[in-house]
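For reference, the structure is listed below as structure tokens.
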Amino acid sequence: MNTESDNITQQLHTEIEQTPKRYRSLLLKLIHSFREGIEEEDPWPNTADSFREGWRDVKAGRVNPVDTLWDGIDAE
């Protein structure tokens, strides 16, 4: 459940819907340029890099069993 991310996504959808249709192609170009710009500054890892990082975590013991992921999540 990613509530904050879902809320931002919904806000984006709302803004797009409120943008006049004749300007939506410009909005798309703006968003596309923004995404490309941030990828240049901080490239998204490719699959191989992500796997290598995960494997380093496994070898270093920085992993937890799946059945313990939700331990202690309930606030009292």
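Since the structure is predicted, the reported quantities are computational estimates derived from the model, not experimental observations. Nothing fancy with the numbering, it's 1 onward along the sequence.
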Which pair of heavy atoms, one from R24 and one from E17, lies closest together, and at what distance?
NH2-O, 3.1 Å

For D49 versus P45, what's the shortest heavy-atom pair and its separation?
CB-CB, 4.3 Å

Any residue meeting salt bridge (Lys or Arg N to Asp or Glu O under 4.0 Å) with E15, in chain and number order, not counting sequence neighbours:
none

[atom2] on [Y] to [atom1] on [X], rounded to 0.5 Å:
X   : Y   : atom1 : atom2 : answer
D67 : L69 : CG    : CG    : 8.0 Å
Q18 : H13 : CD    : NE2   : 13.5 Å
T14 : Q11 : OG1   : CD    : 7.5 Å
T19 : L26 : OG1   : CG    : 10.5 Å
N7  : Q10 : CG    : CD    : 8.0 Å
H32 : K29 : NE2   : NZ    : 10.5 Å

Could I get the full list of side-chain contact (heavy atoms from CB on, under 4.5 Å) partners for R62, not counting sequence neighbours?
R56, D57, A60

Without swapping roles, check the side chain of S33 against the backbone of L30 for a donor-acceptor pair under 3.5 Å.
no

Between F34 and L28, is there a shared hydrophobic cluster once you connect ILVMFWY residues whose side-chain heavy atoms come closer than 4.5 Å?
no

